[in-house]
Protein chains: 2
Amino acid sequence: MAKPEIIEMVKQILTKYLRKQKLRKTPERFRILERVYEEDGHFDVDTLYKKLKANGFMVSKATVYNTLELLLHAGLVRKHLFSPQTAFYEKKFFTGSHDHLIILDDEGQVKKIVEFCDPRIEAIRKDLEKHTGLSIENHDLYFYAIDQKR
Amino acid sequence: MAKPEIIEMVKQILTKYLRKQKLRKTPERFRILERVYEEDGHFDVDTLYKKLKANGFMVSKATVYNTLELLLHAGLVRKHLFSPQTAFYEKKFFTGSHDHLIILDDEGQVKKIVEFCDPRIEAIRKDLEKHTGLSIENHDLYFYAIDQKR
DNA sequence: ATATTTGCAAAGAGTTTGCATCATA
DNA sequence: TATGATGCAAACTCTTTGCAAATAT
């Protein structure tokens, strides 16, 4: 759960983004943003949708999809595809750049996700940019470990 | 396109794997394996399926899915989820461990994939293993760069 | 006022499943 | 010959789309 100051700050960022892109400041977009920043780890669209409903805020799932895509473009969420079929999201602003160690059970299901940060990734990024002449926007690094069920 | 010796070798690996797992040595499994090793880069299920049909080998798409999953468990292919909806595969044996720089166009579509290899990843892996006590099986690292359409 | 955003339901894409048939061991 | 594998089509799941109604600017 993000601190209230953080929530205020990301709301301001969204406001600026919407203004710049000439998009509308709708209550749905802000309620979804708040809800995203109340999440602690990774979540999928359906989970977020159900929590919004549980909190008495009726939005359609299509709007949740649209808004998450918008927040992605605004740089306020991160999107992960570590399991096929379902995309996972997490809040991005001020959580720092980090990578993921994904612990699977013996059936290949995600059991736990550990976050870590290693400066060597940044060094690799810079070298790659120098080598290719391209500007690298971001990266995803996933290590996979298998842990027996017990 | 893999050399004939490589193809022979992976067929032997598959044979051993099937024997060990008490699974059947079907022509479909071997034809799909061959076709996979004739692919040069990343491919999706539908592309592989169409190429098999174009080569006069009739298999159902379900079998292609099943077999790719089997080859994944046998360590003979690698699976990637860099775009939502569609899984991509690539041959794995003897191609060396490498990572991916994904170049997107301004609409976010995959334009080009550049492979690279950096020993620092291996160093991070070893440190993580030491730190967590887990055995890390593999990893996926994707850097993303955006290139204008033209 | 007007054009974007929403909600709903239906369509779409990729993947998985169920069941009868086939074929490997 | 007995069980695992295949083929086909239908089912499933997640996501996107189309259109009418609502609403922000």
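Within every chain, numbering begins at 1; the chains are lettered A, B, ... in the order of the sequence lines, protein sequences first and strands thereafter. Model, not experiment: these values are computed from the prediction.
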### Query
Do you know which of A:Asn138, A:Leu134, A:Ile124 makes side-chain contact (heavy atoms from CB on, under 4.5 Å) with B:Phe143?
A:Ile124

### Message
I want to confirm an ordering. Mapping A:Asp44 and B:Val64 to their closest nucleotides on DNA chain D, which one lands closer to the 5' end?
### Response
B:Val64

### Query
In terms of the nearest nucleotide of DNA chain C, which residue is placed more toward the 5' end: B:Phe88 or B:Pro27?
B:Phe88

#### Entry: DNA chain C: 5'-proximal contact among B:Thr26 and A:Leu18 (nearest heavy atom)
A:Leu18

### Query
Contact class for B:Lys22 vs. all strands (heavy atom < 4.0 Å): base, sugar-phosphate, or nothing?
nothing

Could you tell me the separation between the [atom1] atom of [X] and the [atom2] atom of [N], rounded to a whole number of Å?
X       : N      : atom1 : atom2 : answer
A:Tyr49 : C:dT6  : OH    : P     : 14 Å
A:Arg19 : C:dT4  : CZ    : P     : 19 Å
B:Glu28 : C:dC22 : CD    : P     : 14 Å
A:Glu69 : C:dT6  : CD    : P     : 14 Å
B:Leu23 : C:dA25 : CG    : P     : 10 Å
B:Gln85 : C:dA11 : CD    : C1'   : 13 Å
B:Leu72 : C:dT15 : CG    : P     : 13 Å
A:Phe30 : C:dT6  : CZ    : C1'   : 16 Å

### Range on DNA chain D touched by chain A - first to last nucleotide, heavy-atom distance under 4.0 Å
D:dC14 to D:dT25

### Query
To the nearest 10 degrees, how far apart in direction are the end axes of the helix from C:dA1-D:dT25 to C:dA25-D:dT1, each fit to five base pairs?
40°

### Query
Once the angle between the rings of B:His80 and B:His100 is folded into 0 to 90°, is it parallel (under 30°), tilted (30 to 60°) or perpendicular (over 60°)?
perpendicular

With no hydrogens and no angle check, is any side-chain donor or acceptor of [X] less than 3.5 Å from a backbone partner on [Y]?
X        : Y        : answer
A:Lys53  : A:Val59  : no
B:Glu129 : B:Ile136 : yes
B:Arg19  : B:Leu14  : no

### Message
Among B:Phe116, B:Phe88, B:Phe82, which residue satisfies the ring pair (Phe, Tyr, Trp, His ring centres under 6.0 Å) criterion with B:Tyr142?
### Response
B:Phe82

Under 4.5 Å between side-chain heavy atoms, hopping through other hydrophobics if needed: is there a path connecting [X] to [Y]?
X        : Y        : value
A:Leu81  : B:Leu68  : no
B:Ile7   : B:Phe43  : yes
B:Ile102 : A:Ile121 : no

### Task
Answer yes or no: does a side-chain N or O of A:Arg24 lie under 4.0 Å from OP1 or OP2 of C:dA3?
no

